[in-house]
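Just so we're on the same page: letters track the sequence lines, and every chain starts at 1.
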Amino acid sequence: MDALTLDVEHRKHVLTETAFTRLLAWLDDGADSQGETYLEMRRRLVEYFDRRNRLFADELADETLNRIGRTLETSGVIAVTPPARYCYVVARFVLLEDIRRERRYIHIEETRIATGPGAGGGADHDAAPSSEQRLECLDRCLHTLKPDQRELAVEYYRDAKRQRIDRRREMAKRLGISTNALGIRACRIRSTLESCVNGCCQDAMKGFHGSRPMTVGSSFKVGYAFLA
Amino acid sequence: MRFSREPALNDQLVQYVLGLLPEAETERLDEASVADDALASRLRVVEHDLVDAYVSDTLDRETRARFETVYLATPRRLEKVEFARRFLATVDRAAAVPVSLPAPRRARSLQAAAALLLAVSGGLLYQGLRLHNAAKDAERQIATQTQRATSLAQQLDDARAVARDAQTALERAAAAQRDQRSASAGPTAIAAPARAAVAIVLLPQTRSVGPVPTVAVPATAERVAFQLRLEANDFFVYQAALKDPGTNRIVWRSAQLSAQSRDAATIVSISVPASTLASQHYSLELTGIHGSERTDVVGNYVFQVDRQ
C-alpha cells in the first residue's frame with residue numbers, strides 16, 4: 001500500500017510500458033478484454049472523481065491507474081482482490097490528497113475552466129468546439145452505429161415527455177429482456193456516442209475532418225495512460 | 001419522475017447523484033460505483049434518465065433546484081446536460097422521420113455533387129462497394145463461425161467429460177451393488193466410492209430472498225455440470241467465472257461458451273472441476289462477450305456446495 005500516497009504533481013504521466021502491460025493484465029484478472037476492462041475502470045474513476053466535484057477528474061483517474069501500474073511494476077503483485085476494489089481504495093487516497101492540495105494552492109486554471117460550460121474534462125477550453133461542430137459530430141457518430149443500435153437508441157430515448165415508461169416496457173417485452181437489461185443496453189450505446197462525439201470534436205479542433213468507423217464498445221483512448 | 005423497475009434503488013441512486021445521502025451511504029455507493037459492475041451500469045442508466053428529465057423539464061421544482069445547484073457544479077456534468085439536449089433533439093427528429101437519421105450537415109451540402117459523381121461512376125462504384133462489403137461480411141461471418149466452433153468444441157468436450165464420469169459412476173454403483181449382494185452373509189461391504197458427475201440448473205440471482213440451491217458433491221466426483229438459465233440471449237459468446245464470495249476471488253474460469261435453447265429456456269452449460277469446490281457458498285458470474293466489443297455481466301448464480 002506504499003504507492004497510495006505518492007505525490008500526484010511530481011509523479012503523474014510516468015508509466016512505463018511494462019507497468020501499463022501489467023496493469024492491463026491485472027485488471028483483466030485472467031481474461032483478455034483487449035483493454036476494455038481498463039477503459040471501463042477509467043470511466044468509472046472519472047465519474048467518481050467528477051461526482052466528488054473534482055475539476056480534473058480525468059487526471060485523477062489516470063493518476064490512480066498510474067499508481068497501481070507502478071505498484072505492479074515494482075512489487076509484481078497486489079494482494080487485494082478484486083482489482084476494482086483496490087482501484088477504489090487508491091482512488092480514495094488520490095481524492096483526499098487532491099482535496100488537501102486544493103486547500104493549499106489556488107488553482108488558476110480551474111477558474112478558467114469552470115467558467116466554460118462547454119468544458120468536457122481535459123479538452124482545450126480556449127478552443128472549444130462550436131455547437132454546430134458538436135451537432136455535426138453527433139450526426140456523424142449516430143451514422144456510424146449499427147442500424148439495430150441506432151434504432152434502439154432512437155426508440156428508447158425519443159419523446160422524453162410522453163409514455164416513455166410504457167414504451168420501454170413494450171420494447172423490453174418485444175426483445176425478450178428485462179427493462180433493466182434494456183436500459184443498460186441503451187445506456188451503453190449512448191455512452192459510446194458521447195465518447196465518439198468528444199473524440200470527434202477533439203479531432204475537429206485539430207483540423208481532422210475524416211470519419212472514423214465506430215461500434216459500441218470501441219474507444220479512441222486505449223493507451224491514454226501510457227505516457228512514458 | 002418514476003422508474004419502471006426497482007424504484008427504491010433508483011430513487012436512492014438519484015439521491016446519491018444529487019448529493020442527498022448521508023456521507024456513510026455516499027461512500028458505500030462511491031465504492032460500489034467503482035467496484036460493483038451491476039451498480040455501475042444501473043447508476044449510468046439512472047443518471048441519464050435524470051439528466052433527460054431535467055432537459056425535458058419534467059423534474060419537480062425541488063429536484064430541479066437541487067439538480068441545478070449540485071449536479072451542474074462541474075464542467076463535465078454541464079457538458080453531459082448539453083449532450084443530452086442535442087442527443088434528445090436528434091433522436092426526436094429521427095423518430096419523427098423514421099426512414100433514416102438526418103445526414104451530417106457537411107455531407108448534406110455535398111449531396112448534389114456526390115449524386116452527380118455517383119451517376120457518372122455509379123456502376124463501377126456500386127460493384128466495387130458490393131464486392132468490398134461482401135468481403136467484409138464474409139470475414140465477419142468466418143470470425144463469428146470460428147469463435148462459435150471453438151466454443152461448441154469446448155462445450156462438447158465438457159459434455160463428454162460429464163457423460164464419461166456419469167457412465168463410470170453407474171458402472172461402479174452397479175459393481176458395488178453386486179458386491180453387496182454376494183457378501184450379504186459376511187461383514188458389510190464398503191461400496192466403492194462413486195466418481196459421480198453432479199448436474200444442477202441454476203437461475204439468475206434476483207433481489208427477492210429465496211433459498212440458495214445446494215449442490216451435494218461426492219468426494220470422488222471429478223466434475224460438476226451447471227446449466228445457467230439466461231433472461232435473454234444477447235451475446236454470441238459467454239464466459240463464466242466461479243467466485244468465492246468470501247474473498248471475491250475468481251477460483252475458476254470457463255472457456256468461451258455459446259447459449260443453447262432447451263425446453264423454451266435459454267441456457268449456458270458449464271462443467272466445473274469438482275476439485276475447485278469446497279463446502280461453502282459460491283457465485284458463478286456469467287459474462288456476455290460480443291466479438292471484440294466490451295463485455296457485460298449478464299447474471300450471477302449463487303449456490304452452496306456440500307462436499308460429501
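- Scanning both residues, B:Glu68 and B:Tyr54, for their nearest heavy atoms gives OE2-OH, 2.9 Å.
- Neither the backbone nor the side chain of B:Tyr71 comes within less than 4.5 Å of any heavy atom in chain A.
- Between the side chains of A:Arg85 and B:Asn248, no donor-acceptor pair of N or O atoms lies under 3.5 Å.
- If you measure heavy-atom distances from B:Arg86 to chain A, the contacts under 4.5 Å come from both the backbone and the side chain.
- For chain B, no part of A:Ala91 is nearby; none of its heavy atoms comes within less than 4.5 Å.
- Ranked by heavy-atom pairs under 4.5 Å with chain B, the list A:Glu151, A:Glu47, A:Met41 is led by A:Glu47.
- Residue contact with chain A, scored on non-hydrogen atoms closer than 4.5 Å, is absent for B:Leu230.
- A:Asp28 and A:Ser33 form a side-chain donor-acceptor contact under 3.5 Å, judged by distance and modelled atom types alone.
- Using a 4.0 Å cut-off between charged side-chain N and carboxylate O, A:Arg190 and A:Glu194 make no salt bridge.
- Heavy atoms closer than 4.5 Å to chain A are found in both the backbone and the side chain of B:Phe87.
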Under the salt bridge (Lys or Arg N to Asp or Glu O under 4.0 Å) rule, what do B:Glu25 and B:Arg28 come out as? Steps first, then yes or no, please.
-> CA-CA 5 Å; B:Glu25 190 63 7; B:Arg28 192 185 69 77; 2.9 Å; yes
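- Of the atoms belonging to A:Ile177, heavy atoms from both backbone and side chain fall under 4.5 Å from chain B.
- Top candidate by heavy-atom pairs under 4.5 Å with chain B, chosen from A:Asp50, A:Asp29, A:Leu138, is A:Asp50.
- When all heavy atoms of B:Val55 and B:Ala84 are compared, the closest pair comes out as CG2-CB, 3.9 Å.
- Residue contact with chain A, scored on non-hydrogen atoms closer than 4.5 Å, involves the backbone and the side chain of B:Asp37 alike.
- Contact of the B:Val272 side chain with the B:Leu242 side chain is registered, since non-hydrogen atoms from C-beta on lie closer than 4.5 Å.
- Among B:Lys243, B:Lys80, B:Gln239, the residue making the largest number of heavy-atom pairs under 4.5 Å with chain A is B:Lys80.
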